[in-house]
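Worksheet for the structure shown next.
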Amino acid sequence: MTAKAKPKTPPETYYAGAYWGARRESPEECARRTAEFLTLLASSDPFLSQWYLPTRSSRESREYPLMPPDVPTLTEQFRLGVNREKGGPVIERLGYGFWFGNGGRDYDRASLRIYSGGYSEAGSNSCVLALPTLGRSPNAERVITAPVLTEIVRSMALAWEPEWAVAMSHAHRDLEDTAGKGDICLGWVTYLSRHRGTVPPLPAPVRIELVEDKGTLIILTPERFTAANPEHIVLARQVRELLAQAGLMQSASS
């Protein structure tokens, strides 16, 4: 009697995101930051160097490139993404939203969702990059590495000046935020604004890098960080505790 083969565990999926609180900005200012971010992002990997306006299909989108970034075009997209009540006036305090992709398909694609310019204390602003899927994308093995993710998060820090930013797997995020606490996530790569305080010494193999005068990058491991590796989780929790003791891990609203 042959034993049943164990079902394969699906690969972890990864993303990068930058987050900041209320900051009133016009569509033009949001567009300028987006243009700067896309320019910086393009240098991290060729897979992230081409972006397109949103259309009904990924094939059609390639007819409307966003690169090189054009601020007037991006400004119009943010204006179109304004929040408003149905049939009512614009709700300016909620800012503007813009979603677009790199023209890839299925598991071999990247997409960006940006919410910027909001100044309601009840909301937040963010820039979230969805990444290709390991094992199902010819680009994922190259993109989902410490050097590339570090450059992605650095680009987010420079362009958006967020309170914090992170690159991590969804599985790791779900594991560490089961209570939905909403505090700052500590991921494979984490950025903390200098306004939050000074990052203390951290244990090996953690690496710390400054991002100009804006803040600090924390890279937990040189190899791919996975939630399936118990040693990685122990390290992440140890580092988070040290950062929490230094008063760096609570959200601004806490």
Side-chain angles (χ1 to χ4, degrees), residues 5-19 34 37-69 77 97-115 126-157 159-160 165-177 185-191 207 217 219-229 231-233 236:
K6 291 183 179 180
K8 289 185 178 179
T9 303
E12 289 184 47
T13 55
Y14 291 76
Y15 74 100
Y19 306 89
T34 301
F37 174 56
L38 293 181
T39 300
L40 291 168
L41 186 63
S43 65
S44 65
D45 189 88
F47 186 70
L48 302 173
S49 65
Q50 296 298 325
W51 298 92
Y52 302 89
L53 285 172
T55 56
R56 293 181 180 179
S57 70
S58 59
R59 182 176 299 173
E60 182 184 352
S61 72
R62 290 181 177 272
E63 299 176 18
Y64 305 97
L66 282 172
M67 301 295 284
Q77 292 301 310
F98 183 23
W99 172 92
F100 55 102
N102 73 335
R105 295 186 180 185
D106 301 325
Y107 300 99
D108 189 37
R109 62 182 173 183
S111 62
L112 276 161
R113 288 184 181 272
I114 300 171
Y115 296 95
S126 62
C127 171
V128 178
L129 171 65
L131 294 165
T133 303
L134 288 165
R136 300 180 179 181
S137 159
N139 293 288
E141 285 291 337
R142 187 185 67 253
V143 170
I144 302 175
T145 58
V148 175
L149 293 185
T150 297
E151 289 310 305
I152 289 171
V153 176
R154 187 191 306 276
S155 299
M156 288 179 164
W160 295 106
V166 70
M168 67 190 305
S169 74
H170 294 92
H172 183 203
R173 181 193 65 189
D174 295 344
L175 179 66
E176 297 301 281
D177 194 33
C185 294
L186 179 77
W188 182 3
V189 180
T190 307
Y191 166 82
R207 192 171 81 252
L217 285 168
I219 303 99
L220 290 181
T221 60
E223 76 271 16
R224 183 171 295 128
F225 185 103
T226 72
N229 186 328
E231 292 182 0
H232 286 175
I233 298 303

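Please read these numbers as outputs of a predicted model, since none were measured by experiment. Values reported hereafter were calculated over all heavy atoms of this structure, with side chains retained and with hydrogens, waters and symmetry mates removed.
Going from atom CZ of R109 over to atom CG of N139 covers 14.0 Å, rounded to the nearest 0.5 Å. Here the CE-OG distance, from M67 to S49, works out to 6.5 Å after rounding to the nearest 0.5 Å. How far OG1 of T145 is from OH of Y14: 11.0 Å, rounded to the nearest 0.5 Å. Interatomic distance, N102 CG to W51 CH2, rounded to the nearest 0.5 Å: 5.0 Å. In this structure, R113 CZ and F98 CZ are separated by 12.0 Å, a value rounded to the nearest 0.5 Å. Rounding to the nearest 0.5 Å gives a distance of 6.0 Å between CG of L220 and OG1 of T190.
For E151, the salt bridge (charged side-chain N to carboxylate O under 4.0 Å, His left out) partners two or more places apart in sequence, or in a different chain, are R154. Listed by chain and residue number, H170 satisfy the side-chain hydrogen bond (donor to acceptor under 3.5 Å, both in side chains) test with T13 (two or more places apart in sequence, or in another chain).
Considering all non-hydrogen atoms of both residues, A140 and S137 come closest at N-OG, 3.2 Å. Considering all non-hydrogen atoms of both residues, M168 and G187 come closest at CB-CA, 3.7 Å.
Under 4.0 Å is where a charged nitrogen must lie from a carboxylate oxygen, and between R173 and E12 no such pair does.
Listed by first and then second residue, the side chain to side chain donor-acceptor pair (under 3.5 Å) pairs involving residues 37-47 are D45-R142 (not counting sequence neighbours).
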Step by step, work out the side-chain contact (heavy atoms from CB on, under 4.5 Å) result for I233 and H172. CA-CA 8 Å; I233 298 303; H172 183 203; 3.8 Å; yes
For the pair Y107 and L134, evaluate side-chain contact (heavy atoms from CB on, under 4.5 Å) and give the outcome as yes or no after the intermediate values. CA-CA 8 Å; Y107 300 99; L134 288 165; over 6 Å; no
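In this structure, the side chains of L53 and Q77 come closer than 4.5 Å at one or more pairs of heavy atoms. A heavy-atom distance below 4.5 Å is found between the side chains of L41 and I152. Side-chain contact check for L112 versus F37: some heavy-atom pair is nearer than 4.5 Å. Between W160 and S126, the closest side-chain pair of non-hydrogen atoms is not below 4.5 Å. For the pair S169 and F225, the minimum side-chain heavy-atom distance is 4.5 Å or more. Side-chain atoms of F100 and I114, non-hydrogen and from C-beta on, do get closer than 4.5 Å to each other. Within the 4.5 Å cutoff, no side-chain heavy atoms of D108 are placed close to those of R136. Looking only at side-chain heavy atoms (C-beta outward), W188 and R224 come within less than 4.5 Å of each other.
The backbone N or O of A146 sits less than 3.5 Å from a side-chain atom of T150, completing a donor-acceptor pair.
Residue Y115 places its OH atom among 12 or fewer non-hydrogen atoms of other residues, nucleotides or ligands, all under 6.0 Å distant.
Of the options V148, V143, L131, a side chain to side chain contact (heavy atoms under 4.5 Å, CB included) to F47 is made by V143 and by none of the others. Here the rule is side chain to side chain contact (heavy atoms under 4.5 Å, CB included) with L149, and of V189, I219, V166 only V189 fits it.
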